[in-house]
Protein chains: 2
Amino acid sequence: MSVTIKQVAERAGVSVATASRALSGGRGVREANREAVLRAADELDYKPNAVAAALRSRTTRTIGMVVPVISNPFFSTLVEAVEREAELGERGLLLATSHYDPEAEARRLRTLLDRQVDALIVIPCHQERSREAFEAAARRVPAVQLDLSVDGTTASWVGVDNGAGILHLVDHLVERGARSLAYIGSEPTDSSARDRLDGYRRAAARCPGPADRVLLGDFSLEWGRGAARRLLDEGAPLPDGVVCGNDTIALGVLRELSAGGVRVPADVMVGGFDDIPFAALAEPALTTVRQPQDRLAAEAMRTVTDMLEGGAEPNRRVAVVPELVPRASTAR
Amino acid sequence: MSVTIKQVAERAGVSVATASRALSGGRGVREANREAVLRAADELDYKPNAVAAALRSRTTRTIGMVVPVISNPFFSTLVEAVEREAELGERGLLLATSHYDPEAEARRLRTLLDRQVDALIVIPCHQERSREAFEAAARRVPAVQLDLSVDGTTASWVGVDNGAGILHLVDHLVERGARSLAYIGSEPTDSSARDRLDGYRRAAARCPGPADRVLLGDFSLEWGRGAARRLLDEGAPLPDGVVCGNDTIALGVLRELSAGGVRVPADVMVGGFDDIPFAALAEPALTTVRQPQDRLAAEAMRTVTDMLEGGAEPNRRVAVVPELVPRASTAR
DNA sequence: GTGAAAGCGCTAACAC
DNA sequence: GTGTTAGCGCTTTCAC
């Protein structure tokens with residue numbers, strides 16, 4: 001029914017081998033033949049069958065990606081950046097979600113491998129329970145963890161240097177005159193949460209005054225409000241600067257402080273992490289640490305394509321240092 | 001290198017044909033043989049090669065999806081919902097982006113077809129210039145337009161009934177006592193923008209007072225602020241209710257009105273469209289029209305799978321009526 | 001219910 | 001440079 005390479009070859013008066021060569025790069029084919037093949041393909045409206053090519057060449061030019069959810073703006077930006085990278089390398093992106101369920105994640109990985117993806121880029125959904133399936137997959141094809149990393153593995157990972165990001169933020173607040181700090185973040189249930197908390201504890205030493213107030217909940221706006229309310233209700237003097245574990249928390253803090261009559265940044269400065277789209281639109285606009293999603297995606301793709309091509313070392317861990325984005329919420 | 005069905009068959013003491021049948025459903029295979037095959041597959045850690053199956057069976061169990069961008073929260077929610085639907089049907093999702101470039105979109109469609117996707121779900125990026133490539137693709141496999149529709153085609157489409165949504169909103173405002181209305185939206189550069197504008201013009205008749213103030217720009221927060229400022233600067237009495245073309249505009253309107261000392265909803269009520277994640281978190285929380293993304297995705301998938309299976313009519317146009325979400329910004 | 005055999009459309013040896 | 005040939009791993013007739 002559909003035009004095959006055989007018909008193209010016949011029309012061009014060459015063998016299928018020559019037609020194949022001409023159609024894929026054309027190296028090692030006499031110019032006249034190359035043109036004849038291309039013309040024939042064009043005239044017949046030939047559409048190559050990538051599935052047949054994949055079966056024979058044992059490469060699908062497809063990257064498999066598994067993410068916890070797509071609608072989370074941080075993840076969707078990463079998916080978009082990875083898709084762009086795949087596109088640049090003329091590869092397709094087979095996308096699957098784990099919905100934060102390690103078993104679903106394991107199933108998705110298996111399906112993607114059955115479909116013979118050339119490599120995998122995974123945002124693991126669970127610190128411990130994602131390890132086994134990820135490592136099993138990584139044994140079969142080049143694979144890299146993106147953003148989050150599972151515990152106790154030396155498998156490749158590309159993410160942001162959370163500690164360095166928090167340090168940027170603390171330094172910035174101290175520079176702007178903060179003499180006391182507090183941290184409002186998430187319980188260390190994933191590697192990012194843990195690294196940010198650890199980063200804050202280390203960075204706190206750079207603060208000239210007290211910086212040991214640490215409130216831990218989850219990554220939600222509600223928790224940000226709750227924690228800020230707790231600070232307000234304590235009656236103790238408020239810290240000069242509040243470092244938040246992410247922007248959503250920071251937005252909650254901003255809202256609750258403002259409801260409590262505290263002015264930001266005049267009375268208290270607030271900083272977040274991630275630079276979600278709404279950070280710039282908040283009132284006041286939120287100072288934050290920007291996740292360099294494009295860099296992350298590019299590094300992740302490079303990690304797997306290097307393994308694919310050169311057979312580079314399979315245990316590369318890349319921590320990209322993020323950038324501080326100063327805005328009104330810390331403008332003194 | 002990898003275990004093939006042939007080895008499974010040998011170990012189970014049956015032919016590859018029987019092994020194949022046992023592994024895919026097991027209908028028409030004696031129970032004992034079925035079990036032997038499954039056990040052999042398990043023992044050998046057999047992984048089916050989906051590419052080989054696809055080549056032979058001429059079906060990849062893969063849906064191709066093309067969207068303008070992924071990071072737009074509205075699109076990312078749609079991608080997520082489509083992915084879930086694909087998963088339910090045990091299909092994979094090959095995702096590509098057009099970056100709002102009709103030529104890139106056409107190339108992506110061709111690549112997806114080369115990869116033999118079983119069907120296509122497309123959010124076309126351009127009202128006119130997306131038509132040709134989409135229709136060409138739709139001639140080859142079941143295809144449906146999602147959300148946006150190109151002009152002058154009878155090809156399948158699934159989206160929201162924008163006119164009905166705006167009507168909901170206008171009725172709601174009038175019910176809450178609005179006697180005059182204004183519309184702040186986008187120039188009709190895509191089918192949604194046009195349908196919402198047309199919807200407003202029709203619905204305006206239900207307003208007891210003047211409702212002919214219409215301000216058109218783009219779908220941005222900045223435009224929302226700009227338009228609100230214009231309303232404030234005109235000196236004319238403000239409308240009781242402002243209908244916005246989307247939530248982002250509405251958020252801008254909210255911000256500018258509040259900056260101008262206008263109280264929402266006491267002085268002016270404001271309603272948006274889409275129910276983006278931040279709508280509920282705004283101050284005041286934004287009344288809006290919720291896009292039923294899950295329904296849209298399910299209908300889109302049903303449209304293509306019906307065509308795939310039964311060969312249902314290839315020109316189904318489904319407009320899902322959206323739901324009003326009343327919140328504080330219209331609470332009188 | 002089962003097996004033998006014929007490909008799906010393409011690429012990659014290998015010989016010329 | 002080019003053609004011949006042999007599959008890639010699977011599903012699907014078609015006999016039995």
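Just so you know, these numbers use all the heavy atoms, side chains as well, and skip hydrogens, waters and symmetry mates. So that the names make sense, note that chain A is the first sequence line, chain B the second, and so on, each numbered from 1. Values in this document were obtained by computation on a predicted structure and should not be read as measured data.
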Once base and sugar-phosphate atoms are separated, protein heavy atoms under 4.0 Å mark nucleotides 10-16 of chain D, 5' to 3', with B, S and - as BBBB---
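- Dashed line: the shortest gap from a side-chain N or O of B:R58 to OP1 or OP2 of C:dG9 is under 4.0 Å.
- For A:V141, the side-chain contact (heavy atoms from CB on, under 4.5 Å) partners are A:L113, A:L120, not counting sequence neighbours.
- Atom CG of B:L55 is separated from atom C1' of C:dA6 by 13 Å (rounded to the nearest Å).
- Remark: B:E299 engages B:R295, B:R302 in a salt bridge (charged side-chain N to carboxylate O under 4.0 Å, His left out) (not counting sequence neighbours).
- A:A319 pairs by the side-chain contact (heavy atoms from CB on, under 4.5 Å) definition with A:W157, A:D161, not counting sequence neighbours.
- Listed by first then second residue, pairs satisfying side chain to side chain donor-acceptor pair (under 3.5 Å) with a partner in residues 23-33 of chain A read A:E31-A:R34, not counting sequence neighbours.
- Residues satisfying the side-chain contact (heavy atoms from CB on, under 4.5 Å) criterion with B:E103, sequence neighbours excluded, are B:D101, B:R107.
- Checking each of B:T62, B:T305, B:T60 against B:D118 for a side chain to side chain donor-acceptor pair (under 3.5 Å) leaves exactly one that passes, namely B:T60.
- Within 4.0 Å (heavy atoms only), B:V14 reaches sugar-phosphate atoms of the nucleic acid but no base atom.
- One atom, CG of B:N33, and another, P of C:dG1, lie 11 Å apart when rounded to the nearest Å.
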